[in-house]
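Quick note on labels: first sequence line is chain A, next is B, and so on, each numbered from 1. All values derive from a computational prediction rather than experimental measurement.
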2 protein chains.
Amino acid sequence: MPGIRSPLGVKVTGPLLTAASPATRAQLLGAAVALAVPRGAPILAQEAEADRLFLLLQGSVGLSTAEEGGAATMVEILSPGEAFPISAVLLRTAHPVAAVALAPCRLLAIPAEEVRAAAMADGGLMHAALEQMTRQWRLLVDQVVDLKTRDATQRAARFLARRLSAARGAVEIPEPRGAIAARLGMTPESLSRALHGLEAAGLLRLHGRRVDVPDRAALLRICAPRPGGASQAPRRV
Amino acid sequence: MPGIRSPLGVKVTGPLLTAASPATRAQLLGAAVALAVPRGAPILAQEAEADRLFLLLQGSVGLSTAEEGGAATMVEILSPGEAFPISAVLLRTAHPVAAVALAPCRLLAIPAEEVRAAAMADGGLMHAALEQMTRQWRLLVDQVVDLKTRDATQRAARFLARRLSAARGAVEIPEPRGAIAARLGMTPESLSRALHGLEAAGLLRLHGRRVDVPDRAALLRICAPRPGGASQAPRRV
DNA sequence: ACGGGCCGTTGATCTGAATCAATCAAGCCG
DNA sequence: CGGCTTGATTGATTCAGATCAACGGCCCGT
């Protein structure tokens, strides 16, 4: 996908804006404000109404929920190119999850009013928004399946494999271990053990925040669903 | 929400169609075909391209995924009023989950072409589609939080409480126990123990497929997140 | 350079839920 | 009406992963 150079001089990629017409895109980018946030900074409070649409250019943003009891969960980790919170901005509803920077981030912020006006005028943008929500839904479906049918080691292996585009190579993990563990539904201790177990099996090598994966296919081979999981659907009810 | 009487004589409710203009709605309902399917019947195969949009009028439909290994997961259980697969129909993409009747169902099927044409012409329908995808996304967010932060008993209690509209009353559970257990991420044995544990605690009474709940609030009180769950987000990284 | 706090790792123990196995209730068909 | 298949329940056992606790390294600021 070709990058689009905004008036701010930053390259903008991501499926949402590329689906808009050039005129719409120029309009939106003209209203955009670039910002940088340090690791750990809150970007969006839980249940807040979104007055801006954020485009993640660099870094990593975690979507987490905290219940009154104090327990928090990392629901999703967003990578560069993603926009959020799409539906909260377009539908004028509160966003049920908080967004926090898990690594130093560069973001583009577009006023919600502009985005809504553009979506009204440009059907392609609305279509792309539906595509993005569908994509987010599918990612959560995958996560639910993972949580229900795979053990901790398999979930960790899949997480790394998904970050690796090529068949072999290195993955950068800029997020703190605790955030990854929360995203994967386990404790930091369990994540550490899973990762070191995979290293002991020769499937990867840990170098601080870099992980070398000699063979992505081998990593995924570990992830076959457990023969008898907590998962049986009624066959032929 | 007022019911809309279709040419087929069935009452149609649900947020998707009520958002369309009367003309669009009449057009879609004119093309609709009513059908009834028995418990256990497949409605939509996994990864299939959807040629029809289904509206669930009565019964219960399960969305499940099966991986080659044979393990299956119940991702979501749909109630009357829901439409599926919205995004697969509108975006012409394959639906990643299979749909199966968990109870005898009455459905309305609308050809995909009609729905796409209507969405093109009627902006309200597209908007409603985005709303519905957002709703589905939020339901999955809730499910992920449940799986990560609540134990089996709490998940079972929340499932029942969510089916109960009033503060007290009876819930009908037409679905087989195995399907519910799969939706909740546990085995049928664990679900049985959780349910009977709640009954022993006086929070509900089991009568076959009917469950009496004397106090919904008490049921939900059980569900406070575990003080220290597998859930800590990085605080002030 | 030095202290201190935080993050990640490692070890020991405990527990919730899966698994294995058997029983029981209930449709359903012949 | 009785046998048979299927689903729900109960019990015994096992195990993955949470919890509790301690340690080491790294980065921070002074």
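Going from atom CZ of B:Phe84 over to atom CZ of B:Phe54 covers 6.0 Å, rounded to the nearest 0.5 Å.
Of the candidates D:dG17, C:dG8, C:dA21, C:dA21 carries the atom nearest the B:Glu189 side chain, counting heavy atoms from C-beta on. Here the nucleotide nearest the side chain of B:Ser190, chosen from C:dT10, C:dA18, D:dT9, is C:dA18. Considering only side-chain atoms of B:Arg177, the nucleotide from D:dT9, C:dT9, D:dG17 that sits closest is D:dT9. Closest approach to the B:Asp151 side chain among C:dA17, C:dG8, D:dA21 is made by C:dA17 (side chain taken as heavy atoms from C-beta onward). Listed candidates were C:dA12, C:dT19, D:dT9. Nearest to the side chain of A:Arg193 is C:dA12.
For the pair B:Leu206 CG and C:dC24 P, the interatomic distance rounds to 20 Å; values are reported in whole Å. In this structure, CZ of A:Arg209 is placed 15 Å from C1' of C:dT9, rounded to the nearest angstrom. In this structure, B:Leu147 atom CG and C:dA17 atom P are separated by 12 Å, rounded to whole Å. What separates NE2 of B:His207 from C1' of D:dA8 is a distance of 16 Å, to the nearest Å. Rounded to whole Å, atom P of D:dG17 lies 15 Å from atom NZ of B:Lys148. Atom CD in A:Glu199 sits about 9 Å away from atom P in C:dT10, given to the nearest Å. Distance, A:Leu184 CG to D:dA16 P: 19 Å, rounded to whole Å. Taking atom CE of A:Met186 as the reference point, atom C1' of D:dT19 lies 16 Å away to the nearest angstrom.
Donor-acceptor pairing under 3.5 Å is recorded for the side chains of A:Lys148 and B:Gln143.
Taking 4.0 Å as the cut-off between side-chain N and carboxylate O, A:Asp215 and A:Arg168 do not count as a salt-bridged pair. Using a cutoff of 4.0 Å between basic side-chain nitrogens and carboxylate oxygens, B:Arg177 and B:Glu189 are not scored as salt-bridged. A salt bridge links B:Arg163 with B:Glu175: the distance from a Lys NZ or Arg NE/NH1/NH2 to an Asp or Glu carboxylate oxygen falls below 4.0 Å.
When the side-chain nitrogen and oxygen atoms of B:Ser192 are compared with OP1 and OP2 of D:dA8, none of them lie within a distance under 4.0 Å. OP1 or OP2 of C:dA17 has not a single side-chain nitrogen or oxygen of B:Thr187 nearer than 4.0 Å.
Contact of the A:Ile173 side chain with the A:Val211 side chain is registered, since non-hydrogen atoms from C-beta on lie closer than 4.5 Å.
An end-to-end axis angle of 30° holds for the helix from C:dG8-D:dC23 to C:dG30-D:dC1, taken from five base pairs per end and rounded to 10°.
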Could you tabulate the donor-acceptor pairs under 3.5 Å formed by side-chain atoms of residues 74-82 of chain B, not counting sequence neighbours?
| from | atom 1 | to | atom 2 | distance (Å) |
| --- | --- | --- | --- | --- |
| B:Glu76 | OE1 | B:Arg183 | NH1 | 3.3 |
| B:Glu82 | OE1 | B:Gln136 | NE2 | 3.1 |
| B:Glu82 | OE2 | B:Arg135 | NH2 | 2.6 |

